[in-house]
Amino acid sequence: MGPIVADKPAIDIELKAPAGDWRDARVEFRKGTFSNASLPKDLIPLGLPNPRKWQPTDLDWQLPRDWQRILLEGMRERLARYRSFRLFMDVCVRCGACADKCHFYLGSGDPKNMPFARAELVRSVYRRYFTTSGRLFGKLAGARELTEDVVKEWFYYFYQCTECRRCSIYCPFGIDTAEITMIVRELLSLIGVSTHWVTEPAANCYRVGNHLGIAPHAFKDGLDFARDELRDITGLDIEIPINRKGAEVLFVMPSADYFATPHYYTLLGYMMLFKEIGLDFTVSAYASEGGNFGLFHSNDLMKRLNAKIYAEAKRLGVKWILGGECGHMWRVLHQYMDTMNGPADFLEVPVSPLTGTRFENAVSTKMVHICEFTADLLYHEKIKLDRTRNDAYIVTYHDSCNPARAMGLLEEPRYVLERSCNHFHEMPAKTIREYTFCCGSGAGLGNDENMEMRLRGGFPRANAVRHVRAEHGVNLLACICAIDKATLPTLMDYWVPGVQVAGVHELLGNALVMRGEKERVTNVRGEPLAKGGAADG
Amino acid sequence: MKALAAAAALVAALAIAGALAGAVPGGAAAVTVVLPYVAFCTLLGGLTWQVWRWAQTPVPYRIPTTCGQQRSLPWIRTAPIDNPDNGIMAAIRVVIEALTFRSLLRNSRARVGAGRLEFSEARLLWLASLVLHWSLLVIVLRHLRFVFLPTPFFVPTLDAVDGFLRIGAPPLLITDVLVLAALLYLLGRRVATPMLRYMSLFTDYFALLLLLGIALSGMAMRYVAPVNLVSVKEFALALVALHPLVPAAPSMLLLVHLMLVSTLAIYLPFSKLVHFGGVFLSPTRNLANNSRRVRHINPWNHAVPTHTYAEWEAEYAEKMKLAGLPVDGADRGG
Ligand code: SF4
Ligand code: SF4
């Protein structure tokens with residue numbers, strides 16, 4: 001790829017005062033910094049409003065005639081439904097503590113990408129229409145009319161937020177701009193303003209079962225292919241059961257795990273693990289998507305897509321659900337699923353069939369994260385790893401935003417990683433765990449047309465990787481997120497060439513010593529193993 | 001800058017109005033009696049209304065921001081406060097935030113240079129905010145001497161500690177110095193940081209300048225042109241006893257002080273100064289991260305259309321059979 005942003009970042013932060021007044025809503029839709037608009041073919045099957053052909057660069061967005069009424073009515077409704085929204089509109093003191101915490105601000109230098117500025121874009125409208133002072137004093141009270149320019153500005157900046165929640169941990173009031181972004185995107189969807197990269201996968205997922213719209217028979221082909229590859233690598237026949245009734249566990253993974261690389265190697269890792277421990281599981285072709293792009297669109301769409309998981313668990317009669325590596329998927333599973341589509345009273349409390357561990361933290365939702373599951377296996381020494389098989393890798397770990405800041409799943413993946421490889425180095429403390437920097441492409445922004453903004457937004461993450469590459473020669477960035485796996489390779493190629501991206505269970509799969517396996521000569525990528533390492537208990 | 005000028009002008013106008021009130025017939029009564037009552041009622045009513053408005057808005061989802069290890073497997077060390085697993089721990093998280101401004105303590109400063117991003121500590125904002133709020137609390141508590149008879153037991157102690165420097169007579173109170181320093185820092189920071197200045201509104205400056213005006217007029221009454229404390233106390237006691245007495249010849253400073261304090265009380269419930277609500281009610285902070293263990297109920301959880309398995313299978317059944325995938329088939333039809 002040719003340089004998309006200037007060779008070294010043309011980033012200017014707080015050095016010069018921004019010109020103009022932030023209330024001026026006009027934005028320039030510059031190529032490379034925004035996502036394309038939704039298409040009717042996706043909005044119609046989902047029953048979403050105002051399907052039409054348009055692009056953000058159009059002068060006329062073909063909004064419904066009463067778009068302003070719809071938006072204000074929508075705001076009123078959401079102010080009454082979400083304390084978060086109401087409170088976050090009222091309490092920001094504009095202290096600026098969140099300002100330079102956002103990767104988009106750091107990467108773009110655009111002041112409207114400061115989280116509190118982003119929020120102010122809608123807060124100003126809130127003041128104008130929902131507060132007395134705003135109605136009376138207008139501009140002096142920080143109020144702004146809701147114009148078409150404001151709609152365009154909202155679209156630009158609320159699709160320049162990856163809902164990563166990093167700003168929220170620095171805010172004295174926990175103001176979560178991700179929450180505001182979710183609500184504004186939902187508002188925009190009411191007048192048919194959304195992005196193709198979000199609604200196409202959502203429509204596919206709704207109708208066919210997964211983001212790419214892979215039909216069940218093709219899904220089976222994909223998994224059969226994995227079975228062949230697994231035979232080549234391990235010499236074992238590893239079957240991946242589909243829609244099998246009566247299995248103990250339903251395994252749900254992001255669909256990228258079976259159609260994209262490097263995700264695919266993680267799938268191989270999971271399957272090797274399940275084979276080795278003899279897990280009684282099935283995957284589903286109907287619920288063949290763990291990811292949920294509805295989260296990036298609206299509450300209702302998230303719920304509609306998510307509903308399949310419990311419905312399928314019930315139909316198949318499984319006891320509990322295990323979930324693969326994916327960030328936003330786990331935001332939905334952890335913080336929304338049970339509330340939206342529960343109670344899961346037809347399932348049983350998850351218990352590891354090997355260790356007998358009862359997953360107390362999941363007794364209601366009945367869904368366990370694969371890293372929790374595997375860490376437990378390792379702790380009880382139920383599987384054997386030969387970490388020298390990963391000796392070609394010098395590994396660092398990227399905490400995905402949602403597992404870090406909407407769950408706190410920090411140690412489990414590290415526990416697995418540290419036992420799967422010999423060379424592991426953390427990035428600087430202010431860039432990992434709850435302070436982790438986003439890949440810059442989450443929340444539906446990971447499309448090609450938005451590339452410049454993605455590379456800018458990913459710069460803080462890449463910068464930290466560059467640091468450990470210089471310090472320790474890191475050449476592999478491990479993560480547990482499908483969007484990371486899809487977008488970090490591009491980011492690395494641009495900023496830190498030579499660093500590959502892998503899932504935690506890919507490394508586990510490499511290291512896993514399986515009963516009856518042939519001598520491993522390659523890792524799951526088919527690359528030859530470095531010779532001569534002793535097994536590690 | 002226009003916002004700053006407007007805010008400064010308004011605070012100055014209020015102060016002048018207060019100062020001149022004594023010269024107008026009925027003016028002293030308005031500022032010393034009517035205004036304080038109005039202000040007190042507005043403050044109480046306004047805050048109640050705000051808190052009620054927030055409290056009655058549902059919290060549909062449990063969305064804490066987690067800042068540490070979750071509780072999952074028993075042998076993994078958790079961060080019980082930063083990632084609370086139950087209501088008590090969440091409450092502790094909130095209390096620590098309220099008392100120590102913990103999140104601001106995390107603050108860092110990012111710099112980009114030569115294609116690199118660097119972080120440095122940035123604790124001044126935390127320090128200034130903490131000092132400001134704690135000093136204000138002490139100052140408010142000190143003022144209780146005026147409205148209670150006998151003076152509450154802790155006030156003299158507070159005074160003694162506060163005046164530990166023993167400079168001058170009456171002794172210089174450390175909170176007075178601190179409050180001024182904090183306000184000036186916050187104001188200076190707002191003006192001097194381009195990005196912050198860009199986003200700052202009238203209200204941001206107004207709140208700071210109003211507090212500054214209150215602090216200065218109050219301090220002037222202590223250090224520059226001391227007022228007769230006995231008569232002020234008489235006046236204040238009468239006010240709280242609801243038998244108001246208009247002071248005979250009120251000091252101009254007292255009028256200014258009362259004017260500004262009353263303005264603050266009236267302004268507070270309807271401005272960003274209600275931010276304390278965010279500390280206690282924010283669903284990202286006051287909820288436990290136990291969503292998978294304890295089901296959270298959304299009071300408005302409405303039904304949504306879904307694409308059912310039966311509908312899905314109807315579309316793919318033939319191809320599934322060919323591929324050897326199990327189909328429900330017969331169970332369908334209902
Ligand atoms: S840290 Fe919180 S209060 Fe401060 S500016 Fe950001 S959102 Fe507003
Ligand atoms: S949630 Fe993330 S992307 Fe969005 S404003 Fe906050 S820091 Fe920026």
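Letters A, B, ... mirror the listed sequences (proteins, then strands); counts begin at 1. Bear in mind that the values here come from a model prediction, so they are computed numbers and not experimental data.
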Does any heavy atom of chain A fall under 4.5 Å from the side chain of [X], the backbone, both, or neither of them?
X       : result
V294(B) : backbone
A128(B) : neither
R106(B) : both
I63(B)  : both
R189(B) : side chain
N290(B) : neither
L104(B) : both

Just by modelled atom types, is the [Y] backbone N or O under 3.5 Å from a matching donor or acceptor in the [X] side chain?
X       : Y       : value
T284(B) : G174(A) : yes
R71(B)  : N361(A) : no
D338(A) : R295(B) : no
K430(A) : S108(B) : no
K303(A) : H302(B) : yes

**Asked** Which pairs pass salt bridge (Lys or Arg N to Asp or Glu O under 4.0 Å) with one or both residues in residues 266-275 of chain B, sequence neighbours excluded?
**Response** D204(B)-K272(B)
Run the salt-bridge test on [X] and [Y] with the 4.0 Å N-O cut-off and return the result as yes or no.
X       : Y       : result
D328(B) : K245(A) : yes
R53(B)  : D90(A)  : yes
R292(B) : E360(A) : no

**Prompt:** So which of N107(B), V279(B), N298(B) has the largest heavy-atom pair count under 4.5 angstrom toward chain A?
**Reply:** N107(B)
**Message:** Among M199(B), Q50(B), K319(B), R102(B), which residue has the highest count of heavy-atom pairs closer than 4.5 Å to chain A?
**Reply:** M199(B)
Portion of [X] that has a non-hydrogen atom of chain B nearer than 4.5 angstrom:
X       : result
T431(A) : side chain
V349(A) : neither
M114(A) : side chain
A307(A) : side chain
A285(A) : both
D224(A) : neither
Y435(A) : side chain
A362(A) : both
M337(A) : neither
T357(A) : side chain
R123(A) : neither
C98(A)  : neither
D300(A) : both
L79(A)  : backbone

Minimum heavy-atom distance between [X] and [Y], given as atom pair plus value:
X       : Y       : answer
A110(B) : L106(A) : CB-CD2, 3.5 Å
E120(A) : L201(B) : OE2-CD1, 3.4 Å
Y206(A) : T306(B) : OH-C, 3.1 Å
S291(B) : T365(A) : O-OG1, 3.5 Å
L87(A)  : G278(B) : CD2-CA, 4.2 Å
W54(B)  : R83(A)  : O-NE, 3.0 Å

**Request:** Could you walk me through whether S282(B) and F88(A) pass side chain to side chain contact (heavy atoms under 4.5 Å, CB included), step by step?
**Result:** CA-CA 8 Å; S282(B) 194; F88(A) 295 167; 3.3 Å; yes
Side-chain donor-acceptor distances from residues 2-10 of chain B under 3.5 Å, at least two apart:
none

**Asked** If you draw the axis of the six-membered ring of Y309(B), does the NZ or CZ of R315(A) fall within 45° of it and under 6.0 Å from the ring centre?
**Response** yes
Do [X] and [Y] have side chains that get closer than 4.5 Å, going by heavy atoms?
X       : Y       : value
T203(B) : R94(A)  : yes
D100(A) : R109(B) : yes
L117(B) : P460(A) : yes
R466(A) : R116(B) : yes

Just how far is it from atom [atom1] of [X] to atom [atom2] of [Y], taken to the nearest 0.5 Å?
X       : Y       : atom1 : atom2 : answer
L409(A) : I76(B)  : CG    : CD1   : 8.0 Å
W22(A)  : M195(B) : CH2   : CE    : 15.0 Å
R331(A) : Y61(B)  : CZ    : OH    : 11.0 Å
N289(B) : M407(A) : CG    : CE    : 8.0 Å

**Residue pair Q69(B) / E434(A), side-chain donor-acceptor N/O under 3.5 Å** = no
**Request:** Return yes if a side-chain donor-acceptor contact under 3.5 Å exists between S72(B) and E412(A), otherwise no.
**Result:** yes
**Message:** Using ring centroids (six-membered ring only for Trp), state whether F437(A) and F119(B) fall under 6.0 Å.
**Reply:** yes
**Prompt:** Under 6.0 Å between ring centres, would you say that holds for W300(B) and Y82(A)?
**Reply:** yes
**Message:** Would Q335(A) and R62(B) count as a side chain to side chain contact (heavy atoms under 4.5 Å, CB included) here? Give the steps.
**Reply:** CA-CA 6 Å; Q335(A) 293 197 327; R62(B) 197 186 276 137; 6.0 Å; no
**Item:** Evaluation steps, side chain to side chain contact (heavy atoms under 4.5 Å, CB included), between F270(B) and T131(A)
**Value:** CA-CA 9 Å; F270(B) 310 101; T131(A) 70; over 6 Å; no
**Request:** Quick one: do Y415(A) and W75(B) satisfy ring-ring contact (aromatic ring centres under 6.0 Å, His included)? Show the steps, please.
**Result:** CA-CA 11 Å; Y415(A) 192 82; W75(B) 46 269; 4.6 Å; yes
**Request:** Please report the C-alpha distance between Y198(B) and K112(A) in whole Å, then the side-chain angles of each, then the deciding distance to 0.1 Å, and finally whether the side chain to side chain contact (heavy atoms under 4.5 Å, CB included) criterion is met.
**Result:** CA-CA 10 Å; Y198(B) 178 68; K112(A) 287 189 185 175; 4.1 Å; yes
